[in-house]
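Residue numbers begin at 1 in each chain, while the letters A, B, ... track the order of the sequences.
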Amino acid sequence: MSILADEFYLRADVVSISRELLGKVLSTRIDGVLTRAVITETEAYAGVTDKASHAYGGKRTNRTEPMFGTGGIAYVYLCYGIHHLFNVVTNVEGTPHAVLIRAGSPLEGIDVMLERRQKKAIDEKLLGGPGSLAKAMGITTSLSGASLQDDQVWIEDHRIDILPGNIIVSPRVGIDYAEEDVLRPYRFRARIPSVTN
DNA sequence: CGAATGATATACT
DNA sequence: GTATATCATTCGA
């Protein structure tokens, strides 16, 4: 088991990073409480050339500022006034690429996740969407800009192998405003969320 | 299927 | 400074 280093995030190909994050373990420590989940779904957002990205055309605002920072930090924002969405910033400073973590499979701190989600039992909805995942793991906008080498949120490699045949590639969802970029095959799902310790 | 719900961007005064 | 439209969604009917 090892923590993904800055070099992992600093690479240029956000689509490859997005695919490689499948099977990695997202960990958070919020108020001293540890939770872990295996990442099973991601989406790539390719910066200034991608109409689905908040940073399309180099639009730089207070909210999107972390995306323009160096690879290896978090970008969290509030969507629909209700949901916190967690992204990993990639590429070098000034190139606003990011990977949205869309779904996971619970690994550690499950009782805490259930409590945060007000649920009694694990089901596919516990971490089954970007808003749900962030809520279960205690992620809020206050983590936006935080380093993934810090002790609040980080990603580990548990050597969980996702075979290429078990990766489903498809267009992204919820971005109908993105015109021709709607169809970019930037969504990656692991068919079998292997959760064996 | 449709309401919920609030920060944020943008366009005004 | 104030107004208004817009969301990288979820949940319950």
Side-chain angles (χ1 to χ4, degrees), chain A residues 9 13-22 24 26 28 35 37 39-69 71 73-91 95-106 113-146 148 153 155 167-190:
Chain A
Y9 307 105
D13 188 351
V14 65
V15 177
S16 294
I17 294 173
S18 193
R19 186 169 53 234
E20 289 170 30
L21 280 174
L22 294 179
K24 298 292 187 286
L26 175 64
T28 64
T35 57
I39 297 169
T40 59
E41 183 175 342
T42 63
E43 279 180 7
Y45 285 86
V48 298
T49 62
D50 181 357
K51 287 192 179 173
S53 171
H54 290 157
Y56 172 67
K59 190 174 66 170
R60 189 166 186 155
T61 67
N62 232 28
R63 180 180 65 155
T64 63
E65 192 60 28
M67 276 209 284
F68 288 84
I73 64 176
Y75 168 50
V76 185
Y77 85 100
L78 191 67
C79 185
Y80 297 105
I82 305 172
H83 308 289
H84 297 268
L85 271 57
F86 174 74
N87 303 251
V88 172
V89 176
T90 72
N91 215 313
T95 306
H97 289 186
V99 177
L100 170 66
I101 309 298
R102 290 190 60 86
S105 183
M113 296 192 202
L114 289 171
E115 188 181 337
R116 285 184 182 137
R117 296 272 291 121
Q118 314 244 346
K119 292 173 92 63
K120 299 213 155 130
I122 296 180
D123 61 18
E124 73 278 354
K125 296 248 170 103
L126 179 65
L127 302 175
S132 303
L133 174 123
K135 181 160 193 193
M137 302 205 64
I139 293 168
T140 67
T141 51
S142 66
L143 284 184
S144 200
L148 300 182
V153 55
I155 299 176
I167 297 178
I168 302 168
V169 184
S170 57
R172 293 169 294 186
V173 293
I175 52 154
D176 293 345
Y177 56 86
E179 301 175 28
E180 72 270 18
D181 289 330
V182 165
L183 295 176
R184 292 204 199 194
Y186 282 1
R187 182 186 188 199
F188 300 95
R189 279 176 291 165

Would you say A:Arg117 reaches C:dT10's phosphate, i.e. side-chain N/O to OP1/OP2 under 4.0 Å?
no
Atom [atom1] of [X]: over 12 foreign heavy atoms under 6.0 Å:
{"X": "A:Glu115", "atom1": "CD", "result": "no"}
{"X": "A:Asn62", "atom1": "CG", "result": "no"}
{"X": "A:Lys125", "atom1": "NZ", "result": "no"}

Separation of atom [atom1] in [X] from atom [atom2] in [N], rounded to whole Å:
{"X": "A:Gln118", "N": "C:dT10", "atom1": "CD", "atom2": "C1'", "result": "14 Å"}
{"X": "A:Glu179", "N": "C:dA8", "atom1": "CD", "atom2": "C1'", "result": "16 Å"}
{"X": "A:Leu126", "N": "C:dC11", "atom1": "CG", "atom2": "C1'", "result": "15 Å"}
{"X": "A:Asp176", "N": "C:dC7", "atom1": "CG", "atom2": "C1'", "result": "12 Å"}
{"X": "A:Lys125", "N": "C:dC11", "atom1": "NZ", "atom2": "C1'", "result": "8 Å"}

Heavy atoms, side chains only, cut-off 4.5 Å: are [X] and [Y] in contact?
{"X": "A:His54", "Y": "A:Lys59", "value": "no"}
{"X": "A:Arg172", "Y": "A:Tyr45", "value": "yes"}
{"X": "A:Met67", "Y": "A:Ser53", "value": "yes"}
{"X": "A:His83", "Y": "A:Pro130", "value": "no"}

Does C:dA8 have a Watson-Crick or wobble partner in any strand here, with both distances under 3.5 angstrom, and which is it?
none
Determine which nucleotide pairs with B:dT5, using a 3.5 Å limit on both distances of a Watson-Crick or G-U wobble pair.
none
Just by distance, no angles: are the side chains of A:Asp13 and A:Ser16 close enough, under 3.5 Å, to form a donor-acceptor pair?
yes
Between the side chains of A:Thr42 and A:Ser18, does any donor sit under 3.5 Å from an acceptor?
yes
For the CG atom of A:Asn87 and the CD1 atom of A:Ile73, what is their distance to the nearest 0.5 Å?
11.0 Å
Tell me which residues in residues 47-56 of chain A lie within less than 4.0 Å of DNA chain C, going by non-hydrogen atoms.
A:Ala52, A:His54
Across the strands shown, which category fits A:Arg172 at heavy-atom distances under 4.0 angstrom: base, sugar-phosphate, nothing?
nothing
Students often get this wrong, so: under 4.0 angstrom with heavy atoms, is A:Leu100 touching a base, only sugar-phosphate, or nothing?
base
Going 5' to 3' through nucleotides 4-10 of chain B and flagging B where a protein heavy-atom sits under 4.0 Å of the base, S where only the sugar-phosphate is that close, and - otherwise, we get BBBSSSS
How far apart are the closest heavy atoms of A:Val89 and A:Tyr9, and which atoms are they?
O-CB, 4.0 Å
N/O to N/O distances under 3.5 Å, protein versus nucleotides 3-6 of chain C:
none

